[in-house]
Number of protein chains: 2
Amino acid sequence: MRRASIKDIARLANVSHSTVSRALRGSSLISPQTITRIRQIAADSGYRPSAAARSLVTSRSATIGVVVTSIADPFAAEVVLGIEDAADQRDYSVILANSNAQPDREMRVVRAFEERRVDGIIVTSSRVGAVYAELLSQTRVPIVLLNNQHPSEFMHSVMIENLAASRQATQHLIDLGHKRIAYIGDRFGCQSDTERFNGYQSALEGASLPIRTEYVGYGNGTSEGGDAAMSELLALPQPPTAVFCYNDMTAFGAMRAIAARGLRIPADLSIVGFDDLFFAQFAAPPLTTVRQPMRDMGRLAVESLLHLLAGTQTEPNLKMPGELIVRQSTASPQENA
Amino acid sequence: MRRASIKDIARLANVSHSTVSRALRGSSLISPQTITRIRQIAADSGYRPSAAARSLVTSRSATIGVVVTSIADPFAAEVVLGIEDAADQRDYSVILANSNAQPDREMRVVRAFEERRVDGIIVTSSRVGAVYAELLSQTRVPIVLLNNQHPSEFMHSVMIENLAASRQATQHLIDLGHKRIAYIGDRFGCQSDTERFNGYQSALEGASLPIRTEYVGYGNGTSEGGDAAMSELLALPQPPTAVFCYNDMTAFGAMRAIAARGLRIPADLSIVGFDDLFFAQFAAPPLTTVRQPMRDMGRLAVESLLHLLAGTQTEPNLKMPGELIVRQSTASPQENA
DNA sequence: TAGGGTCATGCACACGTTTGCATGAGAGGC
DNA sequence: GCCTCTCATGCAAACGTGTGCATGACCCTA
């Protein structure tokens, strides 16, 4: 059986379908009694307006498309939670797509978004290159990038304040008395990595500590990468006493490599992560890390997008502050180290 | 500027818009030359068919709605990854909605799905009660429940084989020589909890071990719940030597409670979880647990839904096997225990 | 009582697609 | 040369909603 349409309601109420349309939208053209009467009938018959028909005539879909590399990435999941929450409050729906960092998949995703006429797109932590950025910019849909890894001035963005946060995290290690501080980054050199490395470097320089190239390890943002990079650092003749990691996943891998060699955290080595994933507090020991306000960043991305849609003027490039969360993976270095 | 429509393409190609429609869909009514010519023109002008217009006439939206309690829940995230992957392969899009277990939010979600005329709905790990189930069953959209907590025969479902998996997990502890084995469940007594408890009970009975009520703790599926329940177990005059937890989050909380008292895992206590969340391997020590094939369950839910849509006959209630993953959180009990 | 003004409602078109049916052009058989 | 058949294409309606404009009822004023 067909779903009830606006015309069915009109027949039941002995009015024209335009009156029903206006009544349901609360138009001031319709008398209050008619409005309540029609609304009652609509509710009784379980009427649901067709979003497709509406968007066909209004050319707005009340839908935003969200691209993540993988929703199984806890960072992305938290961001999407914030996005969906903010979208829901404004009666927007969220279409989710995983890119898996596969170029062909990215293409399909954008195409699907265009066909569905999403009102806007939010892309989180994209690592895909210039080609994709160009593709995105060609589509006429407003776009907000969240922690994007390819700077592009013409788009709106929400970013974490990488430099200041990394400097603070490194300073924390310096304050504890560490002098041999390593950094495990992301070998693909995305923007976050560059900025976090700069913060690390800046803190060391501020403390007149040397930047030793052998203390700069290269992971890939995953635990495996952190494990491998940490293993190399530990094989050095004079290993570091503290390590600042590009992100928590890298830190988890590093911690595993440390434990595998029978070393203790923080007695033998201090570790600092970045993100404050939910699991950071359950690591052994609980991980000192920089908290990214992931949900708020998601919410902010939605607000930024809606401003873009409404045409209201706003700051296009938003920076959110990170917050250092000190737990038990950091301590002063041992005397004999 | 308006997006190019099928009529714009028709004008460019000097044909009627119906010919364009058929050509793009590859109808055999249109000559091959015309098809390639029209497709070329459409590609050149960046034409994207309007999903809204199409779904208006076909009354199919190529969209499935997914309800999760929270996408930040790692279990839900993995499931959704599988869902989105399978959906993408069939050219379906996924609309994601978080219920946060709030009844009013549930209502809004279902309403939004109905308005968007989703072809089907997948609900994962729903804990909401009979009212919601009734609401769901009233909507005429096909529904597949994944690890649902309220048995309802009339709907399709994908479930983990709780009983067998729990029995196996408990048997693993029995095989290690444990005799005082506790279970930390979910106080809200959802279906998964009941089934897992039954598996635990069945294994103990098989080994002629007594079921001691003081060894049945009540968490709530979160780490806090596990922490509290474990604390009570440890306060017993004769604490257990092994604990089987309702899920990994509960196990993480239990491990924290154990560590807080200076006890060691697995020397003093063995712990088994359920889910095999990504983080289980990084716990201290890495957690022995039952793996749920979360992504495959998500994929299967999509296939089940599409069968439902196509009207093809299939098994409505699918059960997936769990797999015991033995890591380092379980060992034989100490002699003096 | 005629005219103007306000208010509530209806008419008809538009949005972009799919699809049943009609149409027109050839080709082939008688 | 006419009829029929096939093949490629066009016409027009339909899906469900929003909205500019017209319409009709009613009231008020002169």
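Just so it is clear, the values below take in all heavy atoms, side chains as well, and ignore hydrogens, waters and symmetry mates. In what follows, chains are A, B, ... by sequence order, proteins preceding strands, each numbered from 1.
- Taking atom CD1 of I30(B) as the reference point, atom P of dT19(C) lies 13 Å away to the nearest angstrom.
- L24(A) has its CG atom 13 Å from the C1' atom of dG16(D), to the nearest Å.
- A salt bridge does not link R108(A) to E115(A): none of the charged side-chain nitrogens sits closer than 4.0 Å to a carboxylate oxygen.
- Contact between R117(A) and S61(A) at its shortest, heavy atoms only, is O-OG, 2.7 Å.
- Note: CD (E114(A)) to C1' (dG16(C)) measures 16 Å, nearest angstrom.
- Between Q33(B) atom CD and dT9(D) atom C1' there is a gap of 13 Å when expressed in whole angstrom units.
- Atom P of nucleotide dC7(D) and atom CD1 of I35(B) are separated by 15 Å, given to the nearest angstrom.
- Distance check, rounded to the nearest 0.5 Å: CG of L309(A) to CZ of R60(A) gives 7.5 Å.
- A side chain to side chain contact (heavy atoms under 4.5 Å, CB included) with I64(B) is found for one member of V302(B), V118(B), I121(B) and no other, namely V302(B).
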Summarise protein proximity over nucleotides 17-23 of chain D in one line of letters, 5' to 3': B for base, S for sugar-phosphate only, - for none, counting protein heavy atoms closer than 4.0 Å.
BBBB---

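- Counting to the nearest Å, the C1' atom of dA14(D) and the CZ atom of R60(B) are 18 Å from each other.
- If you measure from atom CG of L56(A) to atom P of dC13(C), you get 17 Å, rounded to the nearest angstrom.
- Taking the charged nitrogens against the carboxylate oxygens, E84(B) and R105(A) do have a contact shorter than 4.0 Å, which makes a salt bridge.
- In this structure, S31(A) does not reach the dC7(C) phosphate: none of its side-chain N or O atoms is under 4.0 Å from OP1 or OP2.
- Contacts of S55(A) with the nucleic acid, taken as non-hydrogen atoms under 4.0 Å apart, are absent.
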Would you give me the side-chain donor-acceptor pairs under 3.5 Å for residues 18-29 of chain A, sequence neighbours excluded?
| residue | atom | partner | partner atom | Å |
| --- | --- | --- | --- | --- |
| S18(A) | OG | S16(A) | OG | 3.2 |
| T19(A) | OG1 | S16(A) | OG | 3.2 |
| S27(A) | OG | L29(A) | N | 3.0 |

